[in-house]
Amino acid sequence: YPTWKRTLTRRAREAQMKRFCKAQAIQRRLEEIEVTFRELEQQGIKLEKLLRDEDDNPAAQKTQWMNQLLFLVQKKNSLMSEESDLMIAVQELKLEEQQWQLDQKLRCYMNMEESLKTPEDCAAEQEILVQLLEVVNKRNVLIHIQEEKRLSEL
């Protein structure tokens, strides 16, 4: 087993592990965002009840509650934006993994002697190339979406 093949295998495993760790971190953050959403929702419900029920409270108190409510809405919008970014990252990781798998299949066919390839092998190689191109285009679309989002936030 040549050194370059071992190196490629090791690097592929490292990249796969890196994607796995990133996916776990994203999942944890999504769960934290979900919990925070619930907490913000409860706080918002309490503030709305206070604003609706208490007619005899001073205007300053109502203004303070209204400001707190607006702050909660801003925080929720910020979390929704982060959640959207994370969902895009999840899709990107899936496509990255899919691209890696297709790449491995394609390498197998490309390493075959041309004279030993059957028509089925050639067709399978072409199909993998088409799938690989689709995955690359999907990743490009995700990057474009992220860039548009970033520019709109600026």
Side-chain angles (χ1 to χ4, degrees), residues 4-111 123-154:
W4 65 272
K5 282 189 176 181
R6 283 195 308 263
T7 303
L8 282 177
T9 304
R10 182 176 39 82
R11 285 187 182 161
R13 258 187 280 122
E14 289 171 356
Q16 194 171 18
M17 196 61 174
K18 189 176 178 182
R19 284 191 299 272
F20 179 72
C21 290
K22 190 174 180 180
Q24 281 185 322
I26 289 171
Q27 185 62 39
R28 273 193 306 274
R29 183 62 188 139
L30 285 171
E31 289 169 2
E32 291 170 1
I33 288 173
E34 188 65 35
V35 169
T36 307
F37 271 152
R38 280 190 236 119
E39 291 171 357
L40 291 176
E41 189 70 32
Q42 292 303 316
Q43 291 174 10
I45 290 170
K46 288 177 186 175
L47 284 171
E48 282 185 43
K49 284 182 181 178
L50 288 172
L51 281 168
R52 289 183 183 162
D53 294 341
E54 304 295 327
D55 291 332
D56 56 343
N57 280 335
Q61 183 68 43
K62 286 186 177 184
T63 303
Q64 182 182 3
W65 289 336
M66 188 62 90
N67 287 337
Q68 287 175 351
L69 192 59
L70 290 174
F71 175 76
L72 291 178
V73 169
Q74 283 179 330
K75 198 169 180 181
K76 185 175 179 183
N77 287 341
S78 170
L79 286 173
M80 287 177 70
S81 176
E82 184 182 354
E83 183 180 40
S84 170
D85 290 342
L86 290 173
M87 295 308 287
I88 290 172
V90 165
Q91 288 298 318
E92 200 170 340
L93 282 174
K94 285 180 182 177
L95 290 172
E96 201 174 305
E97 179 69 24
Q98 192 176 358
Q99 182 177 347
W100 178 80
Q101 290 172 355
L102 289 170
D103 224 16
Q104 295 303 310
K105 289 179 185 177
L106 186 61
R107 283 179 198 268
C108 289
Y109 284 111
M110 293 181 100
N111 288 337
E125 184 178 357
Q126 287 301 312
E127 178 61 30
I128 290 172
L129 277 171
V130 168
Q131 291 174 355
L132 194 56
L133 188 59
E134 288 174 8
V135 168
V136 169
N137 285 336
K138 287 177 183 177
R139 286 184 71 189
N140 188 38
V141 166
L142 284 178
I143 290 169
H144 184 71
I145 289 170
Q146 284 177 319
E147 185 64 20
E148 281 183 355
K149 186 175 180 195
R150 186 185 68 79
L151 290 173
S152 71
E153 287 175 354
L154 292 177

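All residue numbers refer to positions in the sequence shown, counting from 1.
- Going from atom CG of Leu93 over to atom NZ of Lys18 covers 10.5 Å, rounded to the nearest 0.5 Å.
- Taking the side chain to side chain donor-acceptor pair (under 3.5 Å) definition, one finds that Glu148 meets it with His144, sequence neighbours left out.
- In terms of the salt bridge (Lys or Arg N to Asp or Glu O under 4.0 Å) criterion, residue partners of Glu32 (sequence neighbours excluded) are, by chain and number, Arg29.
- Qualifying side chain to side chain donor-acceptor pair (under 3.5 Å) partners for Lys149, counting only residues two or more places apart in sequence or in other chains: Ser81, Ser84, Asp85.
- Pairing each heavy atom of Ile26 with each of Ala89, the nearest pair is CD1-CB, 3.7 Å.
- Under the salt bridge (Lys or Arg N to Asp or Glu O under 4.0 Å) criterion, Lys138 pairs with no residue at all, not counting sequence neighbours.
- Looking at residues two or more places apart in sequence or on another chain, you find a salt bridge (Lys or Arg N to Asp or Glu O under 4.0 Å) between Glu147 and Arg150.
- Rounding to the nearest 0.5 Å places CD of Glu31 at 10.5 Å from CD1 of Ile33.
- Between the CD atom in Gln24 and the CZ atom in Arg19 there is a gap of 14.0 Å [rounded to 0.5 Å].
- To the nearest 0.5 Å, atom CG of residue Leu79 and atom NZ of residue Lys76 are 10.0 Å apart.
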### Message
Before you tell me yes or no, could you show the steps for Val90 and Gln27 under side chain to side chain contact (heavy atoms under 4.5 Å, CB included), namely the whole-Å CA-CA distance, both residues' side-chain angles and the distance that decides it to 0.1 Å?
### Response
CA-CA 9 Å; Val90 165; Gln27 185 62 39; over 6 Å; no

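- When the side chain to side chain donor-acceptor pair (under 3.5 Å) test is applied to Gln98, no partner is found at least two apart in sequence or on another chain.
- For Glu125, the side chain to side chain donor-acceptor pair (under 3.5 Å) criterion is met by Lys117, not counting sequence neighbours.
- With sequence neighbours left out, the side chain to side chain contact (heavy atoms under 4.5 Å, CB included) criterion links Gln68 to Leu47, Gln64, Trp65.
- Taking CE from Met80 and CD from Glu83, the interatomic distance works out to 7.0 Å, rounded to the nearest 0.5 Å.
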### Message
Determine whether Thr7 and Arg10 satisfy the following criterion, side chain to side chain contact (heavy atoms under 4.5 Å, CB included), listing intermediate values before the conclusion.
### Response
CA-CA 5 Å; Thr7 303; Arg10 182 176 39 82; 3.7 Å; yes

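- Applying the side chain to side chain contact (heavy atoms under 4.5 Å, CB included) criterion to Gln43, with sequence neighbours excluded, gives Leu40, Leu72.
- Here Phe71 pairs with Gln74, Lys75 under the side chain to side chain contact (heavy atoms under 4.5 Å, CB included) rule; sequence neighbours left out.
- Side chains of Arg139 and Gln91 form no contact here, defined as non-hydrogen atoms less than 4.5 Å apart.
- With sequence neighbours excluded, no residue satisfies side chain to side chain contact (heavy atoms under 4.5 Å, CB included) with Asn140.
- Applying the salt bridge (Lys or Arg N to Asp or Glu O under 4.0 Å) test to Lys22 and every residue at least two apart in sequence or in another chain returns nothing.
- Contact check for Gln104 versus Arg107: side-chain heavy atoms found under the 4.5 Å cut-off.
- Put simply, CD on Glu127 and CG on Leu102 are 9.5 Å apart, with the number rounded to the nearest 0.5 Å.
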